[in-house]
*Asks:* 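Starting off with a structure, shown below.
The chains referred to below are lettered A, B, ... by the order of the sequence lines, with proteins before strands, and numbering in each begins at 1. Keep in mind the model is a prediction, meaning the values are calculated, not measured.
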Amino acid sequence: MRNFGTMNATIAQLKKRFEQALVAAFGTDLAGTDPILVPASNPKFGDYQANVAMSLAKRLGRAPRAIAEQIIQHLEVSDICEPPTVAGAGFINLALKTQYLETQLKALQSDARLGIAPTQNPQRVIVDYPSPNIAKEMHVGHLRPSVIGDAIARVLEFLGHDVLRLSHIGDWGTPFGMLIAYVKETYPEALASGELALGDLATFYRAAKKRFDDDTTFQEAARLAVVQLQAGDAETLRAWKVVCNLSNRTNRQIFDLMGLSPHIQERGESFYNPHLAGVLEELKRLGLLVEDAGAQCVFLEGFTNKEGKPLPLIVQKSDGGYNYATTDLAAIRYRVAEDKVQRVIYPVGAEQTNHFAQIFQVGRRAGWITDEVEFFYAPLGAILGEDGKKLKSRSGDAVRLVDLLDEAIARARTDLETRLVEEKTRRDRRVYCQCRKSRRH
RNA sequence: GCUCCAGUAGCUCAGUUGGAUAGAGCAUCUGCCUUCUAAGCAGACGGUCACAGGUUCGAGUCCUGUCUGGGGCGCCA
């Protein structure tokens, strides 16, 4: 059951009255009949309408309007509504009494919770927060999951749920390998000193990406760096830690700028790293794992490739590395087994619909996701530029989030100042006019 | 090729288990506020709900097909 606020309580109350009226008018056969009470389709019909008379016409073998008339003869709602009326094909229209509304509104006004009762069955809920890859700066794509995720978390918390805010940051894996390989190759002194301003890192990232795209031997070096990272190589880990700390500080500043909850916990890909092998083992034990072209896969039901063959979800690459899907599966397993959640919400861009359907399917087939726990993917649209395409900077990269926020704040401030000046001018003019008017008399 | 999402007024979108004459904001036009390049108020205009079938007392809503746009589709995240 949902928890009822005041307006919902009104609907519940009216429904009860209708159920009583239905029994009084037509007998106990109709006990428990849904009165189909909904908000009025148009304000001119009042506040609520009951559509049950039409639905009963065939069953009772009588005209809907006659049924409606008989219902309202037995309907006792005078403490809440004006006298009900029958209209159209057999609609019963209800208008709330002004005095009833007054009483309700006054009650809301004096209630710190605005009439919203805490939930009857609080759950442990995880809300997935935007997961920037910390090898890169946050960009415009992180805005929506930030704001929407935070809003969802606040609403659930207000309702009385135990909300765990987790940022599944990309602090591991391929982009890091590329970066580490590039730093090792081009700026070994920065690695040794441990000093890297993030701005430099962003530049490094672009240069490394170009290097990665242009040179196949460098791609190999990057992949090797990932393996070294996952194998726990000391120097690689040192470089990794420096980058993590810098990046986390910067991201927290951006979170603060957006006014996000201070209670966001970082639980990134590195957190799940020790659990990945266990995920593989369990999938293998369950008979879900299949080797294909050197990669460890789970073949999916309902997903096919261009040739119509079942599509694999790759959980271990042919080079031995793990990927996005593996970490997400580890997170699913951990959240159920260790966090003991009843609900997990992922506000993530809509383009990942397939990915979530796939990992949820594997999670269910592995027995981690049961009917007792709800994994909910909340797809989000993208923020588009004026050309209707994803918002890009002039150089073609995604717009940096900090730039976007700075500009938004600057524009809002300019707009506010303009309005304040206009308002003052208007006030002065009004005073002036009133003076002239009063002088005339 | 397969698959997911979307298509409602000029624009941006609501439309709650299928219910009344499909709504709102913006834009446009008209009028009002007896002095304002402001602001507001009132009204008007504006729809084959992408298209074609089907289900039924009734379809924007459910089913089937078609068209258009967007996303995704083996070792990125």
Side-chain angles (χ1 to χ4, degrees), chain A residues 8 11 34-46 48-59 63-65 86-93 130-136 141 168-178 209 212-213 219 222-223 226 268-269 290-300 302-328 348-359 377 379-382 384 388-390 419 421-423 425-430 432-433 436-437 440:
Chain A
N8 285 340
I11 293 176
D34 183 355
I36 317 184
L37 186 73
V38 293
S41 59
N42 190 312
K44 70 185 173 191
F45 298 131
Y48 298 104
Q49 62 185 62
N51 301 332
V52 68
M54 278 91 75
S55 73
L56 287 176
K58 192 168 277 182
R59 183 169 163 190
R65 283 195 68 110
V86 175
F91 301 93
I92 300 172
N93 290 336
S131 311
N133 189 302
I134 69 174
K136 298 193 222 174
H168 189 91
I169 51 176
D171 59 357
W172 209 251
T174 311
F176 258 91
M178 182 180 85
K209 185 74 167 67
F212 185 86
D213 290 340
Q219 287 172 18
R223 271 192 282 271
V226 177
E269 293 170 357
V290 178
E291 183 171 329
D292 189 76
Q296 298 297 323
C297 312
V298 177
F299 280 91
L300 299 158
F303 293 89
T304 53
N305 64 11
K306 288 169 190 171
E307 287 85 45
K309 294 176 184 168
L311 198 67
L313 183 72
I314 293 172
V315 291
Q316 187 174 26
K317 299 186 285 183
S318 52
D319 67 0
Y322 300 108
N323 58 18
Y324 188 47
T326 326
T327 319
D328 273 341
V348 181
E351 63 273 17
Q352 296 199 34
T353 303
N354 282 348
H355 170 73
F356 281 97
Q358 291 169 1
I359 61 167
Y377 167 57
L380 314 174
L384 305 181
K389 297 187 172 164
K390 277 194 175 180
R419 283 165 190 269
V421 170
E422 281 175 355
E423 197 167 306
T425 310
R426 200 153 51 231
R427 205 163 46 230
D428 291 349
R429 272 188 194 153
R430 199 156 47 223
Y432 172 70
C433 291
R436 288 214 318 184
K437 270 180 188 168
R440 266 187 212 169

*Asks:* Say whether, by atom type as modelled, one donor and one acceptor occur between the side chain of A/R65 and the main chain of A/G88 under 3.5 angstrom.
*Replies:* yes
*Asks:* How far does the C1' atom of B/U48 sit from the matching atom of B/C41, given to the nearest Å?
*Replies:*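 That atom pair is separated by 35 Å.
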*Asks:* Taking B/C11 as the reference, what is the distance to B/G46 when you measure between their C1' atoms (whole Å, please)?
*Replies:* 12 Å
*Asks:* Measure the distance between the ring centre of A/F91 and the centre of the six-membered base ring of B/A20, then answer whether it is under 5.5 Å with planes under 30°.
*Replies:*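 Here A/F91 meets both the 5.5 Å and the 30° conditions.
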*Asks:* Once rounded to the nearest 0.5 Å, what's the spacing between atom CG of A/D213 and atom CE of A/M178?
*Replies:* 8.0 Å
*Asks:* What's the shortest heavy-atom distance between A/C297 and A/P312, and which atoms?
*Replies:*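 What the structure gives for the nearest pair is CB-CB, 3.6 Å.
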*Asks:* When the C1' atoms of B/G15 and B/A22 are considered, how many whole Å apart are they?
*Replies:* 8 Å
*Asks:* With distance as the sole test, does A/S131 use its side chain to make a donor-acceptor pair with the main-chain N or O of A/H168 at under 3.5 Å?
*Replies:* yes
*Asks:* Taking A/I359's backbone N and O only, do any of them form a donor-acceptor pair with A/D328's side chain (distance below 3.5 Å, no angle check)?
*Replies:*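 No: the side chain of A/D328 does not pair with the backbone of A/I359.
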*Asks:* To the nearest Å, how far apart are A/L37 CG and B/U16 P?
*Replies:*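 Nearest whole value for this atom pair: 15 Å.
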*Asks:* Distance between the C1' atoms of B/C75 and B/U16, in whole angstroms?
*Replies:*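 My reading of the C1' atoms in B/C75 and B/U16 gives 44 Å.
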*Asks:* Which heavy atom in A/A222 sits nearest to a heavy atom in A/F212, and how many Å separate them?
*Replies:*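 In terms of heavy atoms, the two residues are closest at CB-CE1, 3.8 Å.
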*Asks:* Has A/Q316 got a side-chain atom pairing as donor or acceptor with A/G320's backbone, closer than 3.5 angstrom?
*Replies:* yes
*Asks:* With rounding to the closest Å, how many angstrom separate the C1' atoms on B/A20 and B/A27?
*Replies:* 30 Å
*Asks:* Can a donor-acceptor pair under 3.5 Å be found between the side-chain atoms of A/D328 and the base atoms of B/A77?
*Replies:* no
*Asks:* Measuring centre to centre across the rings, with the benzene-like ring taken for any Trp, is A/Y324 within less than 6.0 Å of A/H355?
*Replies:*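 Ring-ring flag for A/Y324/A/H355: true, centres closer than 6.0 Å.
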*Asks:* Counting Watson-Crick and G-U wobble pairs whose two distances are both under 3.5 Å, find the runs of 3 or more in a row that involve RNA chain B.
*Replies:*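 Looking at RNA chain B, the stems formed by three or more consecutive pairs are B:1-7 with B:67-73, B:10-13 with B:23-26, B:28-32 with B:40-44, B:50-54 with B:62-66.
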*Asks:* How does protein contact run along nucleotides 68-75 of chain B, one letter per nucleotide 5' to 3', with B for base contact, S for sugar-phosphate only, - for none, heavy atoms under 4.0 Å?
*Replies:* ---SBSBB
*Asks:* Can A/V315 and A/Y322 be said to form a side-chain contact (heavy atoms from CB on, under 4.5 Å), step by step?
*Replies:* CA-CA 6 Å; A/V315 291; A/Y322 300 108; over 6 Å; no
*Asks:* Distance between the C1' atoms of B/A59 and B/U3, in whole angstroms?
*Replies:*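 One C1' to the other, the span is 27 Å.
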